[in-house]
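Quick note on labels: first sequence line is chain A, next is B, and so on, each numbered from 1. Note that the structure is predicted; figures quoted are calculated from it, not measured.
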Amino acid sequence: MFIKMVKNDFYRKKIITGTVFIFITLAVLLGASAINNIANLIQSMSELQEHAMPADITQMHSGEYDQEEIDQFTKEHREHIGMQETMVLLNFDGSHIHYGNNNTMAGTVQDISFVVQNNKFDFILDLDNEKLDVQEGFVAVPIYFMEQYDLKIGDPITVKNGEYQKAFIISDYARDYEMNSSFTSSKRFVINKQDYDEMRREQAGELEYLIEFKLTENGDVNAVQTAYFEAGLPANGPTIGGTIFLLFNAMSDTAIAMVIILISILLIIIAALCIRLTFLATIDEDLREIGVMKAIGISKKDIKKVYLNKYRVMAAAGGIIGYLLSFAVVNLFNGNMRLYIASDLSGNLKYVLSLVAPLVVYIMIVMYCRHVLKKIDKISAVEALRSDIMERRKNRKYSFPLLKNKFFSTNLYMGVRDVWKRFGLYRLLFFIFIVCTFIAILPLNIYNTMNSPEFSTYMGIGKSDMRIDLRRTDTITDDFEKLQKELENDPEIEKHAASITSSYQVKNTEGSWDYIYIETGDFSVFPLNYLEGSAPEDEGEIALSFANAQEDGLNKNVGDKIAVKVGGTEKTLKVSGIYQDITNGGKTAKADNSLEVNQDAVLWYIVSMDVSPEADIHEKMKYYQNAYESAQVNDIEEYTRQTLGNIIDQMSVIVLGAIAIAFIIAVLITALFLRMLLSKDMSQIAIMRSVGLTSKHIQNQYMAGTLMVLLFGIIVGVLASNYLGESLVSMALSTMGASKIELVIVAWQTWLLFPLALIAVVWFTIFVCCNVSAEDDLSIVMRS
Amino acid sequence: MSSILEARSMSKKVELGKNNYLNILKGVNLEIEEGEFVSVMGPSGSGKSTLLYNISGMDRITAGSVKFKGREIGRLKEEELAKLRLRHMGFIFQDIHLLKNLSLIDNVMFPALVSKDANKKVVYQKAKKLLDMTEIAQLADNHITQGSGGQLQRVAICRALINDPDILFGDEPTGALDSKSAAKIMSILAEINKNGTTIMLVTHDAKVAAKTDRVLFMVDGNIVAQKKMSKYDAQHDDGKDREESIMKWLVENRF
Ligand SMILES: Nc1ncnc2c1ncn2[C@@H]1O[C@H](COP(=O)(O)OP(=O)(O)OP(=O)(O)O)[C@@H](O)[C@H]1O
Ligand SMILES: [Mg+2]
């Protein structure tokens, strides 16, 4: 009999039941997809690590090099070092790499190197996570470049350097655990040993050494690093710890995944709200029905059973369907992950973990039902039979009398006041519109921020027109001098400032010595915004990046003292300021020129400059690029764009995806909401029509109410994404070195374009949904 | 006198299932004069309500013709029918059917305020007058949950009258009321009719029918008999005799 009653109920209230069912399915679908995504990420990250076996310490070096010294060092530190291998990179400038129709990779901020696969660890993989084995004449190209230049397997690539020329065919994508991310400034192309040896013989590129260590299980990274430097082994390039790679991967891949997860969480909230909404919509009817059952003498226990069973059946069915569908839907979200981390997302973890979603939704629904049923205990059969328990309870003073209306037509006014009268129902729609706006606008703001010249603030550099980076070459010091002199005499350069970054030792919180990059120079020419304090101006002052100043860094505040070893002698510096920087793992520092440069450990030189307004900046860039071949010349926007690299591209995909999701949700939920409202209001609509309103009038009422809710939803949503979003983004990015992001808000997009588009879409939805069927006999609803 | 409503071979057929139709009205012919007060009686299921809703254009007939003031309404568009209801017709129902979120007076004014050119002051005055006439002016600003059935039905009558309709339709408006409230409603309707509004009521109650000018009797989708009476005079007649004569008529015809 209960099954029959449940079945009857389904049949009688098709729309309401259908809506509840869809929302349950949706909630489970989204929840399971989000969990699925996280599970995939965790599993494939660890799988990738397992296959790639990244180094724990990587020391970059160019110039004099003797492997025997390294072997000796390795032998001496067997308790820490498990394996050692040196990868010799053949570096090329982007302009030497030709592809497609006479295009080159010139202008990339990435260092391009050709390598042979390692033997012991730090493997570069193909898309199946198998160790790349490249045949003669072929090349495996980093995913970053495949995407950046839209390369395909089978495309030719030619290396040209002076007279020398060598052609390759792309045979694979190179998935490189250590250098996948655009934040690591090098990218490794993998070729065959034969080709490599030939190129090396011909001295086609610059040599650079990656001296890599894989530690034993209990190996201590700091101990090895310190010992290495103390032994005076080759180290004129940056040192990179294994955690940095994880961090970089975290930045480009996890960051994207986090955004998607954030969106998923919002979607789950929406689904939860919708379930609540449907309960609110059905409760009147359910209560009346329960009243009838009570009146004909069915026991409370049995009533509860009927009522609960109905929702149990729905929750279970929706749960199963949503759970199964999630495995198809998740593929929409994880394109990036499939490319950069794992193509085969067949791990089993997700099947188990994403079961959480249907279970939680099921429990939520059953609990909500019980909550509603408690209310039923309190009301008598007679009360339940007198309809509209929910709405009658509030015996408020009569508000919004029709004659008070001065501005709207009566129909619009009816719609608007309905929102007020039944805010309990509309509130949920309101939240959903807020969330939809938030979902779309926040990524848009982030995208615009990343694309703006102001973003340089978060990369620890002041705003200038153009910058020239000089990196590890034999002639670096001479080039640097020459460049400065030339800039001095160039009338089209308004001002310029040079800085030198070299590595120093600094006393950490435990009292031992860590390595730190310090940039010395004059920072008053292109001032940077400081979080606290100011730039180092006097002797003995130093500014720290946010990540360095934090507790898990050096734990310093402005005014604190800090000990730095300069050329063997210890110096005490005062922290003058703290700035934001997401480059180099977030850990950098700046000091005044008076701090002696550590000549053996110079990493790079940077010259920033402003070009006079009359001069053509692109011409200038071209000129200096040609004059200093090993230099990288970029305008600031290009520099940030390329450093952020595919994050920006991915962000733009996310922005579009988010907007699409926002629209779909807005349409779907507006449609479902209205259908439910219309079926709930069936008799009221019939009454209005019986006194002479047309279906158009009634459509206008719902239009006015819903669009008003939408309008307020958009306003609150945009404000939330501008302000709340700012602190969210700052919180997320503080782990990377930027703690106070100011979102760049493009007003015409956030306040005009998006709202108008959303309003148009919702308007159309209402228009279609509210087509109150005018052809049916009106009396059906009106008869007793 | 000219007829306000004229039905010729009016039929209503509804589809119950596939190839399963039900003829509810089977070619009804009926003419209602302007200013008339007509009641429709008949056994349950005979099609009284269906007749009322179809002749008023609220539902659509499936064959025949219905003319309202000489105008064929069977083929009118939805908007035109709505306009007709708004300007020229009033309805009252057994289930009263007021709008939930409006106060009593707002319910009354609502159909008048829908028109763009409504003068709020005039509408308000008129609503007040109607509520006065029906003796519920003191409840004007109350919420609809705060009125009794009889009071609410009077509100519904006021609403039906706010746009000065030519004809008032009622589907058992006293059906759910106690006899005292029902009598009150009937005296109001009689008053309205005296002022010139045509009224057509469906009823089970001979006491109600006794106060009308003409009683139609329906059986199985057709009008099978009618009884014409003189205009009811509430001041000098308690209606007892008229009620008895209707009862006698019903028995004579073995209804
Ligand atoms: N839309 C419809 N679909 C199916 N059957 C209908 C429909 N409308 C009316 N009927 C049927 O037509 C018949 C006449 O209905 P109607 O409501 O007109 O009777 P009535 O004379 O008003 O009865 P009562 O005195 O009980 O109100 C009934 O048997 C009813 O079940
Ligand atoms: Mg009836």
Salt bridge or not for Glu78(B) and Lys696(A), using N-O below 4.0 Å?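 Salt bridge absent between Glu78(B) and Lys696(A).
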Do the side chains of Lys100(B) and Asp418(A) get close enough for a salt bridge, i.e. N-O under 4.0 angstrom?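 Between Asp418(A) and Lys100(B) there is no salt bridge, as every charged N stays at least 4.0 Å from the carboxylate O atoms.
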Option that, when pairs with chain A are counted at under 4.5 Å, heavy atom only, ranks first among [options]:
options	value
Val14(B), Leu98(B), Ile162(B), Asn163(B)	Leu98(B)
Asn54(B), Leu86(B), Asp106(B)	Asp106(B)
Leu84(B), Thr50(B), Val114(B), Leu99(B)	Leu99(B)

Closest contact, heavy atoms only, [X] versus [Y]:
X	Y	value
Arg85(B)	Leu693(A)	NH2-O, 4.5 Å
Arg159(B)	Val691(A)	NE-CG1, 3.6 Å
His97(B)	Met782(A)	NE2-O, 2.9 Å
Lys120(B)	Lys406(A)	NZ-CA, 4.3 Å

Would you give the length of the straight line joining atom [atom1] of [X] to atom [atom2] of [Y], rounded to the nearest 0.5 angstrom?
X	Y	atom1	atom2	value
Tyr53(B)	Leu778(A)	OH	CG	9.0 Å
Arg783(A)	Asp59(B)	CZ	CG	6.5 Å
Leu81(B)	Arg689(A)	CG	CZ	9.5 Å
Lys121(B)	Leu403(A)	NZ	CG	11.5 Å
Ser779(A)	Leu52(B)	OG	CG	9.5 Å

Does any heavy atom of chain A fall under 4.5 Å from the side chain of Lys77(B), the backbone, both, or neither of them? neither
Backbone N or O of Arg60(B) within a donor-acceptor pair of the Asp777(A) side chain at under 3.5 Å? yes
Quick one: list whatever passes side chain to side chain donor-acceptor pair (under 3.5 Å) with Ser49(B), sequence neighbours left out.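 Only Asp171(B) meet the side chain to side chain donor-acceptor pair (under 3.5 Å) criterion with Ser49(B).
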Using a cut-off of 6.0 Å, state whether more than 12 heavy atoms not belonging to Tyr124(B) lie near its atom OH.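 Count not over threshold, so no.
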Can you confirm whether more than 12 heavy atoms, excluding those of Lys83(B), are under 6.0 Å from its NZ atom?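 No, the 6.0 Å shell around NZ holds no more than 12 heavy atoms from other groups.
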Determine the sole option in Leu102(B), Ile105(B), Asn107(B), Val123(B) for which the side-chain contact (heavy atoms from CB on, under 4.5 Å) test with Leu402(A) is passed.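 So the option named by the test is Leu102(B).
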Contacting region of Ser690(A) [heavy-atom separation from chain B under 4.5 Å]: both
Do you see a donor-acceptor pair shorter than 3.5 Å between the side chains of Tyr398(A) and Asn142(B)? no
